[in-house]
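To keep things clear, I will list the structure first and then write my remarks on it.
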Amino acid sequence: YQIKNSETLQYLRNYLLDTAVKKIKITGFTDNTGSMQYNKSLSEKRAKAVAHFLMKEFGLKESYIEIEGQGISTKYAEAQQNRRVELFIYH
């Protein structure tokens with residue numbers, strides 16, 4: 001659950017810091033390797049890592065951030081693409 005592409009988060013910086021933002025939801029996912037319990041925990045850790053980055057690097061308040069671990073995703077054919085975090089920005 002290391003952030004490998006902080007450039008994407010830097011690209012979103014202005015959107016995330018917009019004063020109209022009411023909440024940011026961070027949802028983590030994993031591929032289907034391992035148990036459901038392990039993947040649920042891993043997906044939460046991924047979401048928490050991104051939340052920590054946003055608070056540390058951008059100064060976002062914890063109260064604006066909601067974290068969710070969805071566990072296993074099979075949305076994409078390639079396992080690596082299922083190992084991801086999605087951000088939802090609510091205005």
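It should be emphasised that the depicted structure is a prediction, and the values quoted were computed from it without experimental measurement.
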Is there side-chain contact between [X] and [Y], with at least one heavy-atom pair below 4.5 Å?
{"X": "Gln10", "Y": "Phe58", "answer": "yes"}
{"X": "Leu54", "Y": "Ile26", "answer": "yes"}
{"X": "Tyr76", "Y": "Asn82", "answer": "yes"}

Does [X] belong to the same Ile/Leu/Val/Met/Phe/Trp/Tyr cluster as [Y], with side-chain heavy atoms less than 4.5 Å apart forming each link?
{"X": "Phe29", "Y": "Val50", "value": "no"}
{"X": "Tyr15", "Y": "Tyr90", "value": "no"}
{"X": "Leu42", "Y": "Leu87", "value": "no"}
{"X": "Phe88", "Y": "Leu12", "value": "no"}

Return the [atom1] to [atom2] distance between [X] and [Y], rounded to the nearest 0.5 Å.
{"X": "Glu68", "Y": "Lys48", "atom1": "CD", "atom2": "NZ", "value": "13.0 Å"}
{"X": "Leu16", "Y": "Ile24", "atom1": "CG", "atom2": "CD1", "value": "4.5 Å"}
{"X": "Arg13", "Y": "Thr8", "atom1": "CZ", "atom2": "OG1", "value": "14.5 Å"}
{"X": "Lys75", "Y": "Glu86", "atom1": "NZ", "atom2": "CD", "value": "5.0 Å"}
{"X": "Thr30", "Y": "Met36", "atom1": "OG1", "atom2": "CE", "value": "9.5 Å"}
{"X": "Asn39", "Y": "Lys45", "atom1": "CG", "atom2": "NZ", "value": "11.0 Å"}

Determine whether Ile72 and Thr33 satisfy the following criterion, side chain to side chain contact (heavy atoms under 4.5 Å, CB included), listing intermediate values before the conclusion. CA-CA 8 Å; Ile72 296 172; Thr33 304; over 6 Å; no

[X] atom [atom1]: more than 12 heavy-atom contacts under 6.0 Å:
{"X": "Tyr64", "atom1": "OH", "answer": "no"}
{"X": "Glu62", "atom1": "CD", "answer": "no"}
{"X": "Met55", "atom1": "CE", "answer": "yes"}
{"X": "Glu7", "atom1": "CD", "answer": "yes"}

Verify side chain to side chain contact (heavy atoms under 4.5 Å, CB included) between Ile3 and Val85, making sure each step is shown before the conclusion. CA-CA 10 Å; Ile3 297 174; Val85 173; over 6 Å; no

Assess whether side chain to side chain contact (heavy atoms under 4.5 Å, CB included) is satisfied between Val21 and Leu60, documenting all intermediate values. CA-CA 11 Å; Val21 172; Leu60 291 175; over 6 Å; no

Residue among Arg84, Arg46, Arg83 satisfying salt bridge (charged side-chain N to carboxylate O under 4.0 Å, His left out) with Asp31: Arg83

Is a side-chain N or O of Ser41 found less than 3.5 angstrom from the main chain of Tyr38, in a donor-acceptor match? no

